[in-house]
2 protein chains.
Amino acid sequence: MSLAVIVVSHLPLPLKDHLILPAHQPQQNRLLAVLPEAERGRLFPHLEQVPMKLGHVLYEPGVALQHVYFPADSIVSLLYVMENGASAEIAVVGKEGIVGISLFMGGETTPSRAVVQSAGYAYRLPAPLLKEEFGRSGAVQHLLLRYTQALLTQMAQTAVCNRHHSVEQQLCRWLLLSLDRLSDNNLTMTQELIANMLGVRREGVTEAAGKLQTAGLISYSRGKIIVLDRPRLEKKACECYAVVKTEFDRLLPDIMAN
Amino acid sequence: MSLAVIVVSHLPLPLKDHLILPAHQPQQNRLLAVLPEAERGRLFPHLEQVPMKLGHVLYEPGVALQHVYFPADSIVSLLYVMENGASAEIAVVGKEGIVGISLFMGGETTPSRAVVQSAGYAYRLPAPLLKEEFGRSGAVQHLLLRYTQALLTQMAQTAVCNRHHSVEQQLCRWLLLSLDRLSDNNLTMTQELIANMLGVRREGVTEAAGKLQTAGLISYSRGKIIVLDRPRLEKKACECYAVVKTEFDRLLPDIMAN
DNA sequence: GCGGCAATGTACGCAAGCGTACGGATGAAA
DNA sequence: TTTCATCCGTACGCTTGCGTACATTGCCGC
């Protein structure tokens, strides 16, 4: 049984590091970017920019969230960690989404964990403010519900993929999903971490990634992955990637455009 | 590659069969049962009782729904069918839930299919009426969102289970989930169909079910399964069943009670 | 520039599950 | 009672991925 080694470090983030924050640009998050004027006016003043460090845990199973997070250039994995320590990624959230849907869905918590998979920044909003805005039954509610359905599709497809597809196919899918949520073609991600996300052995990832590298689709070295030939990567991936992508595009056209 | 053999028969249901409908009791569906007076008054007059025959397809991927379904004593599987015909169950809906969440989530359709897994009856409501009621931001919206979160947990756990657990463990989980949605201990379900749901070979189910029967946990013959020792079945199941059950109980205490 | 550690490469036996094939059993229909 | 389709049992070779162990390689800090 492969025991997942996961970096657990809790919020609050150490503000004492004298980090140079980038300009305050909540619109980097696409969900925030498409909000109408009125909603922006109400929410943006309360958004707080926070650094998202690799491995940081945004929330643990069963613990109520104090904030929701809108990733800007970071990526967050929702993953379930089993009793024996093995793990599996349920879904991934980037600049197209929001972390903490259980707040407006009404459950307050989930059985899963949210971990920063790719470092960067996010904007966070105190939970009560989001709930209040959601309660207005306006643009925010409409958008968040559609986003939730898209997320739901991603989870469903993850289940299918886990059942039927090879490690190599899943790796392709995973790379593409991550790529869509970043600005360039470079991922910072060791094979060990990818293995934890996919719920497979590290060696399995090594082998699959080796094949992709030999084929000239990607290049990687010590945690830096560069996608060289995205079209061919898409061909290698199983249908799951396309299904999820198509559904996101359909449900959230304004957000996925660009 | 195992090609799933699925009975495809489209609605509208053949009303010409001179079926003797049971008494009109929408409260059999727990979601309907816990609605406040006002909501009942608005919705119940429009509920239509419909027979749910084994294998009937309530909706196909990408096709907009005309109704939502509230199962009474029937069970519906949400499953994804791959391009090559293989399939995998995403979630299961019984008297605790509703089929057609994409209507109020805003997407209108999903990439999955809804199939009757256990015959019986359901109550259906025209889509516009549900949407209108959801828009009131009252008890119905609150309940449906919490139910959706529970469903989401089920999907997530299905993904985990598909990744990490054996066919035998998954069979136990599946039997228990089905059992919770029925009134007695008898399932009418061939191993072939179970295999399609779990996304495994029929032979795999035969072997796993054989072990369970030898151990005295269940008894089955030609599509009739009787659960003899539920406590031990729960012990054999992976943690996934308990996680989902606990989460449903937490999110929907009134509904899951009893 | 060099030790040390993290990241990656490789190898080997093993178990689970797949694809395939076919035989036996059981219930329903004729 | 016989027929027949459906459902279930079993078997065999094969592939994938797991568990384990250990070797190598490149980066970072000293």
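Just so it is clear, the structure is predicted and the values come from calculations on it, not from any experiment. In what follows, chains are A, B, ... by sequence order, proteins preceding strands, each numbered from 1.
- Here D:dC8 presents its C1' atom at 13 Å from CD1 of B:Ile218, a figure rounded to the nearest Å.
- Taking atom NE2 of residue A:His164 and atom P of nucleotide D:dG17, one finds them 14 Å apart after rounding to whole Å.
- Both A:Gly204 and B:Glu207 lie near DNA chain D, and the one whose nearest nucleotide falls closer to the 5' end is B:Glu207.
- Rounded to whole angstrom, the span from the NZ atom of B:Lys211 across to the P atom of D:dC8 amounts to 18 Å.
- Of the two residues contacting DNA chain C, namely B:Val167 and A:Lys224, the nearest-nucleotide position lying further toward the 5' end is that of A:Lys224.
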(message) Under the criterion side chain to side chain contact (heavy atoms under 4.5 Å, CB included), I'd like the reasoning laid out for A:Val244 against A:Thr158: C-alpha separation, chi angles, the key distance, then a yes or no.
(response) CA-CA 9 Å; A:Val244 171; A:Thr158 301; over 6 Å; no
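- Mapping A:Arg163 and A:Arg202 onto DNA chain C via the closest heavy atom, the residue that lands nearer the 5' end is A:Arg202.
- Here the closest non-hydrogen pair linking A:Gln49 and A:His24 is CB-ND1, 4.2 Å.
- Within the structure, every side-chain polar atom (N or O) of B:Gln191 is placed at least 4.0 Å from both OP1 and OP2 of D:dT6.
- Minimum atom distance to the side chain of B:Arg222 is reached by D:dA5, of the listed D:dT10, D:dC18, D:dA5.
- With B:Arg173 contributing its side chain and B:Cys161 its backbone, the two residues share no donor-acceptor pair below 3.5 Å.
- Residue B:Tyr220 places at least one side-chain N or O closer than 4.0 Å to OP1 or OP2 of D:dG9.
- The base of C:dA21 is paired with the side chain of B:Glu203 by a donor and an acceptor separated by under 3.5 Å.
- In this structure, A:Arg30 forms no cation-pi arrangement with A:Phe248, as its terminal cationic atom is not both closer than 6.0 Å to the ring centre and no more than 45° off the ring axis.
- None of A:Leu171, A:Ile225, A:Val205 except one satisfies the side-chain contact (heavy atoms from CB on, under 4.5 Å) rule with A:Gln191; the exception is A:Val205.
- Distance CE (A:Met189) to C1' (C:dA7): 14 Å, rounded to an integer number of Å.
- The nearest whole Å value for the distance from the CD1 atom in A:Ile194 to the P atom in C:dG9 is 12 Å.
- Checking D:dG17, D:dC27, C:dG27 against every side-chain atom of A:Ser221, the shortest atom distance belongs to D:dC27.
- What separates CG of A:Leu171 from P of C:dT8 is a distance of 12 Å, to the nearest Å.
- Proximity note for A:Arg201 (side chain, C-beta onward) versus C:dT20, D:dC8, D:dG19: the nearest is D:dG19.
- Heavy atoms of A:Gly210 sit nowhere under 4.0 angstrom from any nucleic acid atom.
- Taking atom CD of residue B:Glu192 and atom P of nucleotide D:dC8, one finds them 9 Å apart after rounding to whole Å.
- Counting to the nearest Å, the P atom of C:dA16 and the CG atom of B:Leu198 are 17 Å from each other.
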